[in-house]
Amino acid sequence: MQDHQILKDKTIIVTGAATGIGQAFSIAASSYGAKIVVADMNPGDKTVQLIKSSGGEAIYTKVDVSDEESTKSMAKAAIDWTGRIDGLINNAAYFREVKLTPFEEIKMETWDRIFDVNVKGIWQCCKSVIPSMREIGGGSIINISSVVAVAGQPGYLHYVATKGAVLAMTKGLAKECGVDNVRVNTIAPGFVITDATKNRPIEWQQNFLKARAMSREQRPEDLVGTAVYLLSDLSAFVSGQTHVVDGGHIMY
Ligand SMILES: NC(=O)c1ccc[n+]([C@@H]2O[C@H](COP(=O)([O-])OP(=O)(O)OC[C@H]3O[C@@H](n4cnc5c(N)ncnc54)[C@H](O)[C@@H]3O)[C@@H](O)[C@H]2O)c1
């Protein structure tokens, strides 16, 4: 537990929180006092257990972010638990499954599925939680994009396109919801070592490393400070921004 409980009394939903970066966001937000709804299509018990064993509070709810009814149930689980939703991290993504593929060879069904999860999914989650944020006088949403949306990446056109859409959705939503004191920001991570990326080609990882100002691997923990800041009232007048956290690869 951190001394400064800057997220005390806030209920925060983290999608894709069963593992990787979403799990790191959940643990960090909990350590600053937030109650965490671990939302994932896969079991999130490990994340809940890690939070509880450090003295935090968390529940797991199963969600498929691409399904409207499922995201409504996710929001209901949060409201039933604490009566409010202060924050949402849209972190779940069709990512681990992405195969490097020349753009002409991407299958139509893969293109549709990745847009369903990475773009429509964020829209559905926002639709489901923003009414509660409006009721309590505001909230903070963080959408997880990627450095590839800014820098491009060969063989990843479908994924790059979805993460570019995330940047644009952040700006559109921020303009539309600012009147309700709902802030919307993007975090764009660099290449981060997680279970999802550990089998990516080694030369690929090395290229990212060479391009960085800070010459070391990026870990999920490198992203959490920015997320905690954006969820907290310390960033009360920050909205619509892209926060690239990649050790100084892209200087944006
Ligand atoms: N790891 C990286 O290098 C990197 C770089 C830039 C951006 N990102 C982004 O960060 C986020 C997390 O990446 P990660 O490396 O932790 O990946 P990960 O595969 O470990 O985590 C993704 C999580 O999302 C969940 N998920 C997938 N589809 C879902 C759905 N339809 N509904 C609900 N949950 C679903 C998965 O079960 C998983 O727990 C993703 O948005 C990814 O695009 C990752």
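Side chains are part of it too, since the values below use all heavy atoms of this structure and drop only hydrogens, waters and symmetry mates. Every number for a ligand or one of its atoms is a count from 1 in the order of the listing.
Residue, atom and distance of the protein heavy atom nearest to atom 7 (C) of ligand 1 are Ser145 O, 3.2 Å. The nearest heavy-atom contact from the protein to atom 34 (N) of ligand 1 is Met41 N, 3.3 Å. With respect to atom 21 (O) of ligand 1, the closest heavy atom belonging to the protein is Thr19 CG2, 3.7 Å. Among protein heavy atoms, the minimum distance from atom 8 (N) of ligand 1 is reached at Tyr159 OH, 3.7 Å. The closest protein non-hydrogen atom to atom 15 (O) of ligand 1 is Thr194 OG1, 2.7 Å. Here the heavy atom of the protein found nearest to atom 5 (C) of ligand 1 is Gly190 O, 3.0 Å. Closest to atom 3 (O) of ligand 1 among all protein heavy atoms lies Val192 N, 2.7 Å. Considering only non-hydrogen protein atoms, atom 32 (N) of ligand 1 sits nearest to Val65 N, 3.0 Å.
Considering backbone and side-chain N/O of Val147, none are found under 3.5 Å from N/O of ligand 1. Below 3.5 Å of separation, one finds no N or O of Phe95 facing any N or O of ligand 1.
No close placement of the Tyr159 and Trp111 rings is indicated, their centers lying 6.0 Å or farther apart.
Few gaps surround CD on Gln5; more than 12 heavy atoms of other groups in view lie less than 6.0 Å from it.
Atom numbering of ligand 1 starts at 1 in the shown order; those under 4.0 Å from a heavy atom of Asp40 are 23 (C), 25 (C), 34 (N), 36 (C), 37 (O), 38 (C), 39 (O). Short contacts between ligand 1 and Thr197, defined as distances under 4.0 Å to a heavy atom of the residue, involve ligand atoms 1 (N), 2 (C), 3 (O). Under a 4.0 Å criterion applied to the non-hydrogen atoms of Gly20, ligand 1 contributes the atoms 16 (O). When each atom of ligand 1 is checked for a heavy atom of Phe191 under 4.0 Å away, the hits are 3 (O). Numbered from 1 in the order shown, with element, the atoms of ligand 1 that lie under 4.0 Å from a heavy atom of Asp64 read 30 (C), 31 (N), 32 (N). Less than 4.0 angstrom separates some heavy atom of Ala196 from each of these atoms of ligand 1: 15 (O), 17 (O), 18 (P), 19 (O), 20 (O). Every atom of ligand 1 is numbered from 1 in the order shown, and the set under 4.0 Å from a heavy atom of Pro189 is 6 (C), 7 (C). Shown in contact with Asn91 at under 4.0 Å from a heavy atom are these atoms of ligand 1, numbered in order with element: 10 (O), 11 (C), 12 (C), 40 (C), 41 (O).
No donor-acceptor pair closer than 3.5 Å links the side chain of Lys10 to the backbone N or O of Ile36. No side-chain donor-acceptor contact under 3.5 Å links Ser30 to the backbone of Ser26. Between the side chain of Thr15 and the main chain of Ala92, a donor-acceptor pair closer than 3.5 Å is present. Between the side chain of Ser54 and the backbone N or O of Gly56, no donor-acceptor pair lies under 3.5 Å. No donor-acceptor pair under 3.5 Å is formed between the side chain of Ser70 and the backbone N or O of Asp67. No side-chain donor-acceptor contact under 3.5 Å links Thr162 to the backbone of Asn118.
Residue Tyr94 places no heavy atom under 4.0 Å from ligand 1. In this structure, Lys163 is part of the shell of residues with a heavy atom less than 4.0 angstrom from ligand 1. Put simply, no part of Pro220 is less than 4.0 Å from ligand 1, judged by heavy atoms. The closest approach between any non-hydrogen atom of Thr15 and ligand 1 is not below 4.0 Å.
The proximity of Gln218 to ligand 1, defined as any non-hydrogen pair under 4.0 Å, does not occur for either the backbone or the side chain. Under 4.0 angstrom from ligand 1, there are no non-hydrogen atoms of Ala39. Within the 4.0 Å heavy-atom criterion, both parts of Ile21, backbone and side chain, lie near ligand 1.
The closest non-hydrogen atom to atom 6 (C) of ligand 1, taken over Cys125, Ala149, Ser70, Ser146, comes from Ser146. In this structure, of Asn42, Val166, Ile114, Ile144, the residue bringing a heavy atom nearest to atom 10 (O) of ligand 1 is Ile144.
Separation of atoms CZ (Arg96) and CG (Asn199) is listed at 9.5 Å; rounding is to 0.5 Å.
Listed by chain and number, the residues in a ring pair (Phe, Tyr, Trp, His ring centres under 6.0 Å) with His249 are Phe208 (sequence neighbours excluded).
Partner of Asn143 under the side chain to side chain donor-acceptor pair (under 3.5 Å) criterion, chosen from Thr186, Thr170, Thr242: Thr170.
Salt-bridge annotation for Asp222 and Arg216: present, with a side-chain N of the basic residue lying under 4.0 Å from a carboxylate O of the acidic one. The pair Lys99-Glu97 fails the salt-bridge criterion, with no side-chain N (NZ, NE, NH1 or NH2) lying under 4.0 Å from an Asp/Glu carboxylate O. Between Arg183 and Asp233, none of the side-chain N atoms (NZ, or NE/NH1/NH2) sits under 4.0 Å from a carboxylate O, so this pair counts as no salt bridge.
Between the side chains of Ser66 and Asp116, not a single donor N or O lies within less than 3.5 Å of an accepting N or O.
The cationic atom of Lys127 (NZ for Lys, CZ for Arg) lies less than 6.0 Å from the six-membered ring centre of Trp123 and within 45° of the ring axis.
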